[in-house]
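One structure below.
Throughout, protein chains are lettered first and strands after them, A, B, ... in sequence-line order, and every chain is numbered starting at 1. Note that the structure is a prediction, hence the values are computed from the model and not measured.
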2 protein chains.
Amino acid sequence: MSDADPLEAGAELLPPSATSDGTLRRLQEVALECFGERGYHGVSIRDLAKAAGIQPSSIYAHVRSKEELLFGISMLGHTTQRDTADAAVLAAGPEPADQLRAYVRAHVHMHATYRMLARVCNRELAALSPEHEQEVRGVRESSVRLLQGILSRGERVGAFTIADSFLVAAAIGAMGIRVAEWWEPGGEHTADEVADVYAELALKLVTKQQLVAK
Amino acid sequence: MSDADPLEAGAELLPPSATSDGTLRRLQEVALECFGERGYHGVSIRDLAKAAGIQPSSIYAHVRSKEELLFGISMLGHTTQRDTADAAVLAAGPEPADQLRAYVRAHVHMHATYRMLARVCNRELAALSPEHEQEVRGVRESSVRLLQGILSRGERVGAFTIADSFLVAAAIGAMGIRVAEWWEPGGEHTADEVADVYAELALKLVTKQQLVAK
DNA sequence: ACACTTCGCCCGAACGATCGTTCGGATGAA
DNA sequence: TTCATCCGAACGATCGTTCGGGCGAAGTGT
């Protein structure tokens with residue numbers, strides 16, 4: 001393997017829904033790696049250029065500004081999360097438990113598989129311009145609403161027992177988001193394993209407890 | 001109230017274990033606010049100076065460098081988390097369920113009450129020097145070990161049923177860490193309420209499920 | 001009680017480095 | 001000829017930090 005790319009050692013950084021190619025794609029990939037490791041403000045245009053193998057000024061042939069590069073990445077990550085979760089839930093059928101399982105599986109799987117993308121999305125919201133931040137938050141909110149809808153409907157039809165819908169949704173979301181911070185490919189668990197375990201854990205959070213004889 | 005301080009509108013930024021006072025304390029407080037909102041690299045020495053009401057050069061009468069300011073904050077946050085969790089667990093008695101409840105309550109309560117401190121601690125590990133980062137990670141690890149110890153002992157004595165100790169510990173930790181990102185004083189829930197709910201949710205994660213007749 | 005020194009804290013000015021970005025021009029494919 | 005892409009050089013702004021000095025409180029010798 002002489003064409004081994006240190007950037008893509010066995011793992012894709014961008015999801016299939018990414019439409020960019022060529023230098024712009026490479027730019028987004030190195031931006032993901034750098035932003036994910038050191039943060040948006042901790043990475044300079046010159047850092048990105050060096051990692052991409054081009055000159056700093058050449059970057060501006062592909063993006064209007066550094067912030068727009070972050071915005072593109074952020075939108076891609078958030079829409080990917082929302083779309084995969086939507087699709088998974090739609091394919092899960094009418095049972096609330098199946099819907100919750102599907103949502104958590106998609107959520108967790110995405111945060112592991114594209115963990116750099118997820119990190120940047122969850123950390124750098126404040127680095128966006130006010131307009132861009134609001135646009136991203138809109139996408140984010142629709143995904144949160146989907147989860148809360150599953151929970152409240154599950155409770156309404158008697159499938160779930162939930163103390164506080166908001167708090168439980170926050171807890172379930174948190175489990176997945178944090179996966180992007182510790183999971184790494186080649187580690188103890190595959191992304192699928194984590195997704196499966198966390199889907200069952202999420203179900204435990206909404207299931208009525210039966211007292212077991214002590 | 002003419003002495004109202006916009007920095008401390010009804011909430012302490014630093015925990016009681018903070019020993020600093022005077023200008024250094026004020027510096028740590030404004031650093032928490034600024035780092036928490038825009039990130040370590042997104043805040044300049046001049047930003048901090050302006051927020052603290054002093055000149056940029058005056059900062060160096062209290063800290064050796066910007067990174068050392070972050071390190072002090074980071075150590076304070078991590079030791080506070082570890083110590084309050086330790087104390088809570090020790091006071092909880094021998095029952096695994098009580099220990100887990102105590103740990104989660106302390107963990108969550110701290111992440112809500114000192115949310116800016118928790119944010120900086122969880123976000124800016126990579127901004128520390130390698131030596132400082134390792135020192136902080138040491139404190140962090142000891143707290144994680146405490147939680148995992150509670151879980152594994154609880155399973156050993158038959159109080160808990162756990163699919164994967166590491167994954168469950170990560171999930172429980174994640175719930176609390178994320179609280180620092182969305183909770184705010186004066187919101188829907190008090191810190192105590194969230195802590196109580198999440199303590200029960202954590203217990204659900206380690207309790208054997210009973211199949212309820214469908 | 002006095003003068004004198006020390007020290008903590010703060011200031012304004014400035015250092016070299018690096019920041020995001022722009023510009024004019026070169027190159028090659030369409 | 002046009003257009004996308006890249007380059008080297010440079011712009012003004014801002015970065016973290018240093019330096020010399022001012023100033024009031026605390027300590028010291030007499």
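No engagement by B/Val63 is indicated, since no non-hydrogen atom pair under 4.0 Å with the nucleic acid exists.
Scored by the side-chain contact (heavy atoms from CB on, under 4.5 Å) test, A/Ser65 finds A/Glu67, A/Glu68 as partners (sequence neighbours excluded). For A/Glu188, there are no side-chain contact (heavy atoms from CB on, under 4.5 Å) partners, not counting sequence neighbours. Every residue meeting the ring-ring contact (aromatic ring centres under 6.0 Å, His included) condition with A/Phe71, not counting sequence neighbours, appears here in chain and number order: A/His132. With sequence neighbours excluded, no residue satisfies ring-ring contact (aromatic ring centres under 6.0 Å, His included) with A/His78. Not counting sequence neighbours, the partners of B/Phe35 by the ring-ring contact (aromatic ring centres under 6.0 Å, His included) test are B/Tyr40. Scanning for side-chain contact (heavy atoms from CB on, under 4.5 Å) contacts around A/Ala102 gives A/Ala88, A/Ala92, with sequence neighbours left out. Applying the ring-ring contact (aromatic ring centres under 6.0 Å, His included) rule to B/Tyr114 yields no partners; only residues at least two apart in sequence or on another chain are considered. Applying the side-chain contact (heavy atoms from CB on, under 4.5 Å) rule to A/Ala112 yields the partners A/Val179, A/Trp183, A/Ala191; only residues at least two apart in sequence or on another chain are considered.
Protein atom CG of B/Leu48 is 8 Å distant from nucleotide atom P of D/dG16, rounded to whole Å. Summarising the geometry, the separation between CG on B/Asp21 and C1' on C/dG8 is reported as 13 Å, rounded to the nearest angstrom. In this structure, the CD1 atom of A/Ile45 is 16 Å from the C1' atom of D/dC7, given to the nearest Å. As a whole-Å value, the separation of B/Leu24 CG from C/dG8 C1' is 13 Å. Atom P of nucleotide C/dT22 and atom CD1 of A/Ile59 are separated by 13 Å, given to the nearest angstrom. Atom CZ of A/Arg26 is separated from atom C1' of D/dC6 by 15 Å (rounded to the nearest Å).
Residues from residues 66-74 of chain B lying near DNA chain C, meaning a heavy-atom separation below 4.0 Å, are absent.
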Identify all pairs in which a protein N or O lies below 3.5 Å from an N or O of nucleotides 10-12 of chain C, and state each distance.
from	atom 1	to	atom 2	distance (Å)
C/dC10	OP1	B/Thr23	OG1	2.8
C/dC10	OP2	B/His62	NE2	3.0
C/dC11	OP2	B/Gln55	N	2.6
C/dC11	OP2	B/Ser58	OG	2.7
C/dG12	OP2	B/Gln55	OE1	3.2
C/dG12	OP2	B/Gln55	NE2	3.1
C/dG12	O6	B/Ser57	OG	2.6

Dump every N/O contact between nucleotides 14-16 of chain C and the protein below 3.5 Å, one line per pair.
from	atom 1	to	atom 2	distance (Å)
C/dA14	N6	B/Arg46	NH2	3.4

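Judged as a salt bridge (charged side-chain N to carboxylate O under 4.0 Å, His left out), the pairs with a partner in residues 114-137 of chain B (not counting sequence neighbours) are, in order, B/Arg123-B/Glu181, B/Glu133-B/Arg137.
Between the side chains of B/Thr80 and B/Ser17, a donor-acceptor pair is found at a separation under 3.5 Å.
The side chain of A/Ser44 approaches C/dC19 more closely than any other nucleotide in the set C/dT22, C/dC19, D/dG16.
Between A/His189 and A/Trp182, the two ring planes are perpendicular [angle over 60°; tilted spans 30° to 60°].
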